[in-house]
Amino acid sequence: MITDGLNPEQALAVKTTEGPVLIIAGAGSGKTSVMTRRIAYLLEKKCAQPWEILAITFTNKAAKEMRERVHKLIGDIAEDIWISTFHAMCVKILRREAHKIGYESQFSILDASDQLEMIKQCMVDLNYDLKKFDPSSVTWKISSWKNALYTPITLPKGSKSQLELLAKEVFFLYQHKLKAMQVMDFDDLIGQTVALLETHEETRAFYQQKFRYIHVDEYQDTNQAQYRLLRLFADQHQNLCAVGDSDQAIYRWRGADISNLLNFETDFSHALLIKLEQNYRSTQTILNAANAVIVHNQERKEKKLWTQADEGEPIVIYGAIDQDDEAVFIIAKIQEHAARGGRFEDCTVLYRANALSRAIEENFMQAAIPYRILGGMTFYDRKEIKDVMAYLKVIANPSDEISLLRIINTPKRGIGDGTLRKLLDYAHDRDLTLLEAMGKTDDESLALSGKVGEVVKQFYQMIMYLKEIEEGLTVTEYVQQMLYKTQYREMYASSSKEEDQARLENIDELLTVTRAFDRRRRGTLADFLAETSLLSDIDKEYGKTENAVTLMTMHAAKGLEFPVVFVIGAEETLFPHARSLDSIEGIEEERNLCYVAITRAKKQLFISYCTERSAFGQVRMNDPSRFLAEIPDHLTVRSLADHQAVTSWSEGTKVRHPLYGVGVITAVEGTIEDVELAITFTSRHGTKSIRPKLTRLKILEN
DNA sequence: AAGTGAGATTTTTTT
DNA sequence: AATCTCACTT
């Protein structure tokens, strides 16, 4: 039986196939199990054909895992089920239907850095000073408009701020350029699909008919556009199964709207609500801590996780001196775990911001702890990989000017700013793409000198040649040809710098990726590009060691579980982050994140903070995170680093204080354990009373 | 057009 | 501390 081993709520969720269902699934409550079995159940009961079932996840990794688990249950017909992310699903649809909304099916996808580049270009075109107006806030604003399904035309009148007025203007031009270049950004993938379905009745009817059963994971993190899309899809059959947990809503900052989840029952009439509250993952202690933290949030649906598991070990909270001390503490704990026969891959280190991985990484390297990092500066962000991808993008979509600009003079071929300006002006005047303009070197009015004209012509012909040979080659063969023809590989191969040799290795590594792609699906260049640009942070890993400790952000960890979890940087201004401190919603979202982090742990949880943390050359002192105080004492073991070896302080000693700078001790008071010093600083702070137990004084001279 | 060095700038989370 | 940007030189 498909429902074997499920608890009554889970079984009900599996068997309720008709009509809208909202499954409130607490962390570790077996929701993936429920979703996969529900799909298997639908097929077994012959409710639907595989291609009539849609399952949407948030990451490719989650999609892959779901497909594998469904495959185990029902075999090869699992291949025909639509299991993918929102974005990948939209690409699949748009490749088929794009011509209906004025795009070619070969459109390319703009990644975050290309998008910013494009916004900058638009701002320059409109004569805005990039120093006065921050391009990333403009990008941000436009993205939030798109998430709410506004177009430059439907944008409400009466903007308030100067930034909004500017962004509005940029939005107009940006959207125009995207279309001209046959490019879509991430938000467009969803937005354009919605537009397609709303304006084309037959297309809409087709997909409404097709998707008889729809499943959406992480429903609390859907935005307005995604919500709209789901409503369009589900309109005919009304068989929408949404799975979510309001306590795990951590993406409000990128447009996710929790009211999608909270309003489900009014949005879809006769919706059935099922709560999964039994946890199969963590110890009682870990769950108690998670529950104790999350009750501090006001805006939530009442829910309490419970488990039949043992109490388990207490949560260890460690107050470190600085990042290095924190890392050393973690290394010691990992080594203890390994000494007991545990594996490195059981362990994960979670942090609020990517920048925090550095100290851990450096210390792990020194201590020879194998690790891998998910997200952050990854393989695909490297210059050489972006360059190679840009070449491929230009060939797949010759109108892609952003990519063309990236590689037009890499390797150096003598096309500089002056030439570029001429080409761009020429293209603009005649309504041509940049590449097309490069094909017109014989035109006198382009006014290129003989030598430069020749170089431009050669480049143009090279691209044309590369475009011609695309057909019939696998992506791997194609990339190899491209690397040879453009002399891109040669550029690094002929260098003796160690750095350049590393770049060569990365390029070779990319060929491993293309080989895997060729073996898997033998798609076109455009397919390959779409697949790689839609990888989520968690899909990209860096470092390929087996049996390694995983380092990632708490956001990336959602949906994963590990026997041993280390949460680092539990400090005010870091976690909760300073940028979320000014609103209640902000802090509550941080608390959700804390809840997510805690509930990743199956057996053991360690949380640490630093009294001193250095960030770009400066040392900052932070209080321990407020979330630590929300974990009941009886669940924890708390310890502090030996702050400083017992030092006998004496008058006249010159010291440096992390905040106030250099000063001289003028008095020593208090007990041996808790010394209080009077220090006269040379800076404007004057004389202050300092307790060396609480800060870190550096002795300069006696 | 390309190479160099001073000066600015950086850290929130991501499809 | 490390990387990027921009003005200046060759």
Side-chain angles (χ1 to χ4, degrees), chain A residues 56-63 84-91 109-113 115-116 120 130-131 134 136 139-140 143-144 146-147 184-191 218 221-223 225-226 248-256 323 350-359 362 374-378 380-381 383 408-421 449 451-452 455 530-540 552-558 569 571 573-581 586 589-590 592-594 596-597 613-620:
Chain A
I56 301 172
T57 60
F58 250 69
T59 64
N60 290 291
K61 185 181 165 139
S84 71
T85 62
F86 266 107
H87 297 268
M89 171 190 70
C90 289
V91 170
I109 299 162
L110 210 61
D111 69 25
S113 60
Q115 181 183 27
L116 186 63
K120 281 185 193 165
L130 295 186
K131 279 185 194 131
D134 175 23
S136 33
T139 310
W140 191 251
S143 175
S144 67
K146 287 191 177 188
N147 283 334
M184 293 196 203
D185 64 19
F186 288 132
D187 302 318
D188 277 343
L189 294 175
I190 314 284
E218 309 285 7
D221 288 329
T222 51
N223 63 30
Q226 291 163 334
Q248 296 186 63
I250 54 175
Y251 285 111
R252 198 179 60 105
W253 52 273
R254 70 168 208 221
Q323 294 107 304
L350 306 181
Y351 33 82
R352 178 63 237 267
N354 279 306
L356 297 193
S357 69
R358 209 183 196 122
E362 283 166 5
L374 260 45
M377 172 71 176
T378 62
Y380 292 95
D381 295 326
K383 180 190 177 299
I408 201 163
N409 202 28
T410 319
K412 301 258 183 295
R413 43 175 78 87
I415 303 176
D417 287 348
T419 311
L420 206 51
R421 196 65 262 156
S449 77
K451 201 171 149 197
V452 173
V455 166
E531 194 176 291
T532 45
S533 52
L534 291 179
L535 290 177
S536 62
D537 247 38
I538 189 161
D539 301 318
K540 305 177 199 164
M552 67 185 130
T553 63
M554 300 180 208
H555 282 87
K558 189 160 69 146
E571 295 144 42
T573 75
L574 217 56
F575 185 41
H577 194 272
R579 301 272 281 254
S580 56
L581 250 38
E589 181 158 298
E590 296 283 308
N592 282 348
L593 191 57
C594 184
V596 168
R613 182 173 292 277
S614 33
F616 42 108
Q618 283 201 319
V619 181
R620 295 188 59 98

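All heavy atoms count here, side chains included; hydrogens, waters and symmetry mates do not. So you know, we letter chains A, B, ... as the sequences are listed, proteins then strands, and number each from 1.
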> From A/Thr85 OG1 over to A/Gln226 CD, what is the distance, rounded to the nearest 0.5 angstrom?
Replying inline: 9.5 Å

> For the residue pair A/Thr553 and A/Leu350, what are the closest heavy atoms and their distance?
Replying inline: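 Closest approach of A/Thr553 to A/Leu350: O-CD2, 4.3 Å.
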
>> On a heavy-atom basis, which atom in A/Glu589 and which in A/Arg252 lie closest, and how many Å separate them?
In response: OE1-CB, 2.7 Å

> Mind checking whether A/Arg352 and A/Leu593 have side chains closer than 4.5 Å, heavy atoms only?
Replying inline: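 In short, these two side chains touch, coming nearer than 4.5 Å.
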
> Are the side chains of A/Phe58 and A/Lys558 in touch, meaning some heavy atoms are under 4.5 Å apart?
Replying inline: no

Whole angstroms only, please: what is the [atom1]-[atom2] distance between [X] and [N]?
| X | N | atom1 | atom2 | answer |
| --- | --- | --- | --- | --- |
| A/Asp417 | C/dA7 | CG | C1' | 13 Å |
| A/Ile408 | B/dA1 | CD1 | C1' | 14 Å |
| A/Arg358 | C/dA2 | CZ | P | 7 Å |

>> What does the B/S/- profile of nucleotides 10-15 of chain B look like, 5' to 3', with a 4.0 Å heavy-atom cutoff to protein?
In response: BBBBBB

